[in-house]
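Data first, discussion second: the structure below is written as structure tokens.
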Protein chains: 2
Amino acid sequence: MGGVSTADRAERVPKQDRSRATRQRLLEAAVACLAEHGWAGSTVLVVAERAGVSRGAAQHHFPTREDLFTAAVEYVAEERSGALRALFPDGAAAGDRRAVVAALVDLYTGPLFRAALHLWVAASNEEQLRARVTELEARVGRESHRIAVELLGADESRPGVRESVQGLLDMARGLGLATLLTDDGPRRRRVVDQWARLLDDALGQAPDEG
Amino acid sequence: MGGVSTADRAERVPKQDRSRATRQRLLEAAVACLAEHGWAGSTVLVVAERAGVSRGAAQHHFPTREDLFTAAVEYVAEERSGALRALFPDGAAAGDRRAVVAALVDLYTGPLFRAALHLWVAASNEEQLRARVTELEARVGRESHRIAVELLGADESRPGVRESVQGLLDMARGLGLATLLTDDGPRRRRVVDQWARLLDDALGQAPDEG
DNA sequence: AGAACCATGCAGGCGTGCTTGCTTGTTTCC
DNA sequence: GGAAACAAGCAAGCACGCCTGCATGGTTCT
């Protein structure tokens, strides 16, 4: 590496330092705090303490609180996309639609969605965050739809199929929202079972699945 | 009137005073502020100013901030129940299921649901509020389900019908959640159309409707 | 040795809760 | 019936605590 390696362009890319781990821990802590303490309760000090560092360290990586949570937003989006893709890495379960629906719904009941939910609600009234959240959420939403279509073996060229999948994802969001207050697993499972059945009828046989 | 009419029991029942109007305005302002500025942005001063009274007045009616929003929770629950019952006062439209679904979804895109959403998310991390919100929301949820079943002319004795309606309401919640960030009416309408169709198939003919 | 990384101390701003004083409406006594 | 007396509604000010942002040292890696 050349001598002026510290330049590393702009602000990002802290290279292969241990500080990168600190940044990572800060982001993870921010997400965890969002899920546990909500937006107002996730102060910089709380996040820093959970990350095991001092407030100054957080200040160093993210000068302002908004910087921290803006980064957290992107981090959550990344994680959610990753969790989505990791659902069925080989697409083997594309046949069992009920399992696919259940897995999708499960994504909306975990801490990641919980954190995202807090971010949405907070961002809905914070001009700066709102833009970034809506943009990233649109991206994650599109990816969710794409993966759902793929896993379900749905043929979007047929009328109504696209809207059915969209409605399914919206239902998953609604179930996740309900889980925020009371985690009623059995109820969720019954609803998932029934809607998986309805969806199965609506989608018909998978086009290329035999 | 008897002599000791001033006794009027405990603290409640402000009788025929104008202060009752102030209390009402404070609650309305609290709900409106929740929908517009969110939980953290709905400070006592903001609510009081919107209600057109001083902060001291609000303090008089609701000693603590939590008292104010605890009352607001109940108020929102009342309003939502009322709006629900007012959907089809005569049940005349029980035949057009698409209209019923659309009306139900509309309830979840208005300012009342918006305020309720902020309350849920805030209450999910505020021990005191959480109990009251979950309790009242369970009540409103049950009433929503009951009215939905009635308006849809669904026969809950048939298997899957109950879960279908629950899923519909969850989808409505999810659509309302999505509306928080981007109000995509056309998309919502397409989803509603499709799922009204699916639901129509799932529910079959109304038992006593024709 | 230099730079990045990290920890600590300080000032400003804001929101809540409490206390004090004023206005309005109702009760009670002459 | 009218006026004093009382309570309730209402407004303004003050004290405390917390969070944010900035500035200043100390530490570790290159």
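Labels below follow one simple rule: chain letters A, B, ... track the order of the sequence lines, proteins then strands, and each chain is numbered from 1.
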Whether A:His61 contacts C:dA4 is assessed here as follows: a side-chain N or O lying under 4.0 Å from the phosphate OP1 or OP2. Is that the case?
no
I'd like to know if the side chain of B:Arg25 reaches the main chain of B:Ala51, judged simply by a donor and an acceptor atom lying under 3.5 Å from each other, with no hydrogens or angles considered.
yes
A:Arg23 has an atom CZ; how far is it from atom C1' of C:dA4, in whole Å?
15 Å
Short question: side chain of B:Arg97, backbone of B:Leu152 - any donor-acceptor pair under 3.5 Å?
yes
Is there a side-chain contact (heavy atoms from CB on, under 4.5 Å) between A:Leu175 and A:Val192 once you walk through the steps?
CA-CA 10 Å; A:Leu175 283 173; A:Val192 164; 4.3 Å; yes
Does a side-chain N or O from B:His60 land closer than 4.0 Å to OP1 or OP2 of D:dC10, or not?
no
Hey, does the side chain of B:Trp195 reach the backbone of A:Ser164 with a donor-acceptor pair shorter than 3.5 angstrom?
yes
Side-chain H-bond candidate by donor/acceptor type, A:Arg188 with A:Thr179, under 3.5 Å
yes
Whole angstrom value for the distance that separates C1' of C:dT16 from CZ of B:Phe62:
16 Å
Using a cut-off of 4.0 Å between protein heavy atoms and nucleotide atoms, how would you tag nucleotides 18-23 of chain D 5' to 3' with B, S and -?
-SBBB-
Decide whether a cation-pi geometry holds between B:Arg114 and A:Trp120; the criteria are a distance under 6.0 Å from NZ or CZ to the six-membered ring centre and an angle within 45° of the ring axis.
no
Rounded distance (Å) that lies between atom P of D:dG9 and atom CD of B:Gln24
16 Å
